[in-house]
Structures are given as structure tokens and as C-alpha cells.
Amino acid sequence: MYSTQAQPADVGGRGDLVIGLDRNQLLLATPRRLEIWDAMSRRAMLRLNLTLPPPPRLGGAAEGHAWAAQPGGKSAIIYRLSDGRTYEQPLGGALRWGTSDPAAPQVVFGTSQGAVRVNVLTRAAMTLELPATAAAALAAPKGVAVLFGVSDDGVAWRLPLTKDGAAAEAAAAKTEA
């Protein structure tokens, strides 16, 4: 059974970016440090020497990578957590929102020029045809990455992000039924 009570931890300052990682870990940025924390023991496991964009910033995790970007910026920084390598990903427009899931290799950014999907493993980027959306969420249940959102006129939508995502999603739904 899971506890629903908050578990306090002293992080040594005000946290201005928290990113949920896999294996019950968090990437926590304070004004002076960037660390990976174990959520169960509430302790820092690793201190990182990575440069983040200035606050305010958005961030997330995607299959062994973390990303951070500044709202209104024209690029995102993607960090490979295994060795700390970084690269700057141009977005083609001013950033409005970003979403990812630690179990999926994709990050989707909403920009002033539309939505852009970035594969963090291959660095490939492609534009997505989406309704005008203020924000979206990405989930990867059973290995199928699916983007969810609500259009500006209040209509909910979803979009599988893998080539065979629609077939895999249908197969997963069939096995659950």
C-alpha cells in the first residue's frame, strides 16, 4: 500500500525545477545545484554539472534523457543522463509548452509555429499536425507513446507517436478487454 502523506526532505534551498525520472528518482534543480535524488530514501544520489537555461524553465524526462527549456525560447537543451552529454535542439518557433514521459524516447514541444516531436535517441525532429492546444500530456503505457490534449475549443484528442502506435494501441486495448 502506498502512503498518501507528503514525505519531507531537505534539498538545501528552493527547488525551481523538478523532473520525475524512472526508478523512483527525481532530477532537482536549486539555484546552486543540480542533483538526482532517490525519492524513497529522500537523499541526493548524484550531483550533475550541467548548464540549465535561466528560470523560468520547463523540463521533463525521456528514456534516459532529461530536457529543459525556457518558455518563449527557440530551442531546448537535451541531456543524456548516462554521460552528461548535451545538445541544443532548435524548435522552429517560440516555446509554449513541452511534454514527455520517462518511458518514451519522444518529447513534444508546442511552439508558436506548431508542435514538434523530437526523438532524443536519434535527434530527429518532425512537425505534428495538432489542433490549437494550450498544453498536452505524453504517456507511454505498455511501450506505446501516446500524446493527449484538449483543443482550444474544448475537444479532447489523442495521437499515437510510433509508426505502429495505432495498431499496438488497438492490440493493447483488445488484450485488456
Side-chain angles (χ1 to χ4, degrees), residues 1-71 73 75-89 91 95-110 116-123 133-150 158-162 165 168-169 172 176:
M1 182 164 194
Y2 294 102
S3 171
T4 57
Q5 294 180 334
Q7 301 292 317
D10 181 12
V11 297
R14 178 185 54 84
D16 59 9
L17 179 66
V18 178
I19 298 172
L21 304 174
D22 55 357
R23 299 186 311 247
N24 291 323
Q25 294 178 340
L26 302 168
L27 185 128
L28 175 66
T30 65
R32 296 181 183 226
R33 294 188 282 248
L34 182 63
E35 298 173 323
I36 293 180
W37 279 63
D38 178 70
M40 299 303 289
S41 66
R42 301 184 315 265
R43 293 178 179 245
M45 299 175 53
L46 179 65
R47 184 170 287 174
L48 303 172
N49 188 19
L50 302 173
T51 303
L52 290 173
R57 52 186 160 229
L58 304 172
E63 199 166 304
H65 293 71
W67 62 270
Q70 190 172 36
S75 65
I77 302 172
I78 299 180
Y79 311 91
R80 188 165 60 189
L81 295 175
S82 63
D83 61 6
R85 289 187 187 202
T86 64
Y87 66 93
E88 190 169 344
Q89 178 68 48
L91 301 176
L95 179 68
R96 293 185 175 162
W97 54 266
T99 185
S100 59
D101 184 291
Q106 294 98 355
V107 180
V108 179
F109 297 103
V116 177
R117 177 179 79 171
V118 175
N119 185 312
V120 297
L121 301 176
T122 65
R123 299 184 186 180
T133 302
L138 187 97
K142 300 182 181 173
V144 179
V146 181
L147 184 66
F148 298 90
V150 177
R158 71 178 185 184
L159 174 69
L161 293 181
T162 55
E169 188 178 60
E176 287 177 0

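Computed from a predicted model, the values in this text were never measured in an experiment.
Looking at heavy atoms from C-beta onward, Phe148 lies out of side-chain contact with Thr133 at the 4.5 angstrom threshold. At least one side-chain heavy atom of Leu121 sits under 4.5 Å from a side-chain heavy atom of His65. Annotation: side chain of Gln70 is not in contact with side chain of Leu95 (no heavy-atom distance under 4.5 Å).
Closest of all the heavy-atom pairs between Leu50 and Gly84 is CD2-O, 3.4 Å. Here the closest heavy-atom approach between residue Met40 and residue Asn24 is recorded as CG-ND2, 4.0 Å. In plain terms, the two heavy atoms of Leu58 and Pro71 that are nearest each other are CG-CG, 4.0 Å. Pro53 and Ile77 get closest at one heavy-atom pair: CD-CD1, 4.0 Å. Between Arg123 and Gln89, the closest heavy-atom pair is O-OE1, 3.8 Å. When all heavy atoms of Ala29 and Leu52 are compared, the pair lying nearest together is CB-CD1, 3.6 Å.
The 12-atom threshold is exceeded at CZ of Arg42, counting heavy atoms of other residues, nucleotides or ligands nearer than 6.0 Å.
Residues meeting the side-chain hydrogen bond (donor to acceptor under 3.5 Å, both in side chains) test with Arg80, sequence neighbours left out: Asp83. Applying the ring-ring contact (aromatic ring centres under 6.0 Å, His included) test to Trp37 and every residue at least two apart in sequence or in another chain returns nothing.
Judged purely by atom type and a 3.5 angstrom limit, Ser100 uses its side chain to pair as donor or acceptor with the backbone of Ala61. At distances below 3.5 Å, not a single donor-acceptor pair connects side-chain atoms of Thr99 with backbone N or O atoms of Val108. Judged by distance alone, the side chain of Arg117 and the main-chain N or O of Leu161 form a donor-acceptor pair under 3.5 Å.
Interatomic distance, CZ of Arg33 versus CG of Leu48, reported as 12.5 Å (0.5 Å rounding). Note: Leu34 CG to Leu27 CG = 4.5 Å, rounded to the nearest 0.5 Å. Rounded to the nearest 0.5 angstrom, Thr30 OG1 and Glu35 CD are separated by 6.5 Å. How far CD1 of Ile19 is from CG of Leu81: 8.5 Å, rounded to the nearest 0.5 Å. Here the straight-line distance linking atom OH of Tyr79 with atom OG1 of Thr86 works out to 7.0 Å at 0.5 Å rounding. Once rounded to the nearest 0.5 Å, the distance linking OG1 of Thr51 with CD of Glu88 reads 11.5 Å.
Considering Leu26, Leu28, Leu21 as possible partners of Ile36, the one that fulfils the side-chain contact (heavy atoms from CB on, under 4.5 Å) test is Leu21.
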